Amino acid sequence: MILQTSIVIAFAMMSLAMLLNLWRLVRGPDTPDRILALDTLFINTIALLVLGGIHFDSNVYFEAALVLAMMGFIGTAAFCKYLLRGDIIE
Amino acid sequence: MLIEILVSLFLLIGAGFALIGSIGLVRLPDFFTRLHGPTKATTLGIGGMLIASMIYFSVQTGQLSLHELLVALFLFMTAPVSAHLLAKAALHLKVRSIRPYPVESENREGR
């Protein structure tokens with residue numbers, strides 16, 4: 001009972017956090033702001049997946065979280081490389 | 001019952017830190033201060049949630065569940081790297097900052 005209640009509260013907090021990230025992604029005055037918001041969205045999605053794994057009592061969400069962690073880092077690194085050099089693979 | 005309270009505590013702490021990081025991302029005045037929120041608070045929040053998941057699945061299945069440690073380790077290694085890359089890109093683009101940029105000295109090679 002106490003676990004279900006706190007899972008619902010945590011879901012609400014993570015959704016609010018992702019909405020705030022989305023606002024920064026749309027609004028962000030500069031490109032690095034948008035990349036930072038996208039990176040934070042990735043990390044919050046991992047948190048949401050872990051939360052879903054506990055809620056549905058299933059282990060399959062973990063693999064998705066791992067893949068998402070790698071994809072988020074590679075995406076951020078590629079965007080930053082593009083901003084720094086104007087090219088990703090030289 | 002005790003395990004449930006422990007898991008709930010870690011979940012709420014993790015979600016709280018993630019929320020604080022996102023509020024920092026929205027509220028802080030310029031890019032270099034905004035960089036602090038997500039890279040520190042949100043990473044710590046993820047750590048709390050993964051600890052909760054680790055405890056929950058260890059109790060649920062009866063054997064030690066350590067694969068959440070992989071995600072935690074990966075995130076704790078990559079968060080500083082991506083923050084460094086973002087700061088470098090922002091310095092290169094000279095985005096708006098509340099403090100003036102430092103003057104580059106003459107006799108230094110490269111950056």
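First the proteins, then the strands, lettered A, B, ... as listed; each starts at 1. Everything quoted here is computed from the prediction, not taken from an experiment.
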Proximity breakdown for [X] and chain B, heavy-atom pairs closer than 4.5 Å:
X       : answer
A:Met1  : backbone
A:Ser58 : backbone
A:Asp33 : both
A:Asp39 : side chain
A:Leu19 : neither

Neighbourhood of chain A inside residues 76-86 of chain B, taking heavy atoms under 4.5 Å as contact: B:Thr78, B:Val81, B:Ser82, B:Leu85, B:Leu86
Does B:Val26 sit in a hydrophobic cluster with other residues, and if so which ones, taking ILVMFWY side chains as linked at heavy-atom separations under 4.5 Å, directly or through other members? A:Ile9, A:Met13, A:Leu16, A:Leu20, A:Trp23, B:Leu12, B:Leu19, B:Ile23
Going by salt bridge (Lys or Arg N to Asp or Glu O under 4.0 Å), name the residues that satisfy it together with A:Arg24, two or more places apart in sequence or in a different chain.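 None.
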A:Lys81: partners by salt bridge (Lys or Arg N to Asp or Glu O under 4.0 Å), with sequence neighbours left out: A:Glu90
Establish whether A:Phe79 and B:Leu35 are linked, either directly or via other cluster members, by ILVMFWY side-chain heavy-atom contacts under 4.5 Å.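 Yes.
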Which one of B:Met1, B:Arg96, B:Arg34, B:Glu4 has the most heavy-atom pairs closer than 4.5 Å to chain A? B:Arg34
Against chain A, work out which of B:Leu11, B:Thr61, B:Leu25, B:Ile46 has the most heavy-atom pairs shorter than 4.5 Å and name it.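 Top count of heavy-atom pairs under 4.5 Å with chain A: B:Leu25.
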